[in-house]
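Heads up: the structure comes next, in structure tokens.
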Amino acid sequence: MTSRRGALIVLEGVDKAGKTTQCKKLVQTLLESGRPAEMMRFPERSTKIGQLISSYLENKSNLEDHTVHLLFSANRWELVPLMKEKLEQGITLVVDRYAFSGVAFTSAKPGFTLDWCMKPDVGLPKPDLVMFLKVNPAEAARRGHFGTERYENCAFQNIVLQRFEELMMDSAVNWQVIDASRNIEDVHEEIKNYSQKVASKAVTEPIGHLWT
Ligand code: DGP
């Protein structure tokens, strides 16, 4: 007999799109409906690799662009055993950013192709659902704390948005675009509906592999 694994649900978007708020609310709602659920986030800044990334994002250190790209990817890979363990235990994972941010942010830098950026993340656990919280970067910039970390500038975020749009053309990934310019509750309602559908589908299939 195959036991039901948890679903792998990812929220993506430009900076300040509301991903963290929505991830927390979604975990809460899933738990209230009796479904084991936990939040994860990338970058996960608590590991040794995560600390290098965090210091880079806070502009406390500089790293070469290819190097930092590989560190972000390594940070996802180092959490894969834990992700698989939790999914196999039937826990639904709600993940704040994933490989799509990895590709969108690095490929927004000059000289990086989407293809090169995708390579290190090929084979990661494939999300059952990726919700893209769409908001105009100029509007996101008006939300709290924007501008404190590397990458938090409007011109760069506009290119990031274009890169996400290119990634969303891949029909092998289950993308759903959410209008995140609405109020928190309306956005949550839509996210909840998509997530509950995915989570209650008999998730008896083994987890897939990204971009293979
Ligand atoms: P936060 O989600 O607030 O912890 O911010 C993380 C920042 O790092 C944000 O500006 C997006 C960016 N980012 C996230 N993942 C990656 C990645 O894999 N590669 C690159 N280059 N940037 C990333």
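Numbering of ligands and ligand atoms starts at 1, following listing order. These numbers come from the heavy atoms of this one structure, side chains and all, not from hydrogens, waters or symmetry mates. For the single chain, residues carry numbers from 1 onward in sequence order.
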Report task. May I ask you to check if R150 and Y56 form a cation-pi contact, with NZ or CZ under 6.0 angstrom from the six-membered ring centre and within 45° of the axis? Result ->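 That pair qualifies as a cation-pi contact.
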Query raised in the report: Hey, which of T21, N193, T29 is the one that makes side-chain hydrogen bond (donor to acceptor under 3.5 Å, both in side chains) with H188?
Result: T29
Query raised in the report: List by chain and number: which residues place a heavy atom under 4.0 Å from ligand 1?
Result: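 The 4.0 Å shell around ligand 1 contains D15, R41, P43, R45, L57, F72, R76, R97, S101, G102, F105, T106, Y151.
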**Report entry** Sequence-distant partners of F112, ring pair (Phe, Tyr, Trp, His ring centres under 6.0 Å), two or more places apart
**Finding:**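 Testing F112 for ring pair (Phe, Tyr, Trp, His ring centres under 6.0 Å), a comparison that skips the adjacent residues, returns H66, W116.
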Query - Sequence-distant partners of F132, ring pair (Phe, Tyr, Trp, His ring centres under 6.0 Å), two or more places apart - result: F164
Query raised in the report: Do the side chain of E58 and the main chain of S55 share a donor and acceptor less than 3.5 angstrom apart?
Result: no
Query - Partner set under salt bridge (charged side-chain N to carboxylate O under 4.0 Å, His left out) for K119, not counting sequence neighbours - result: D115
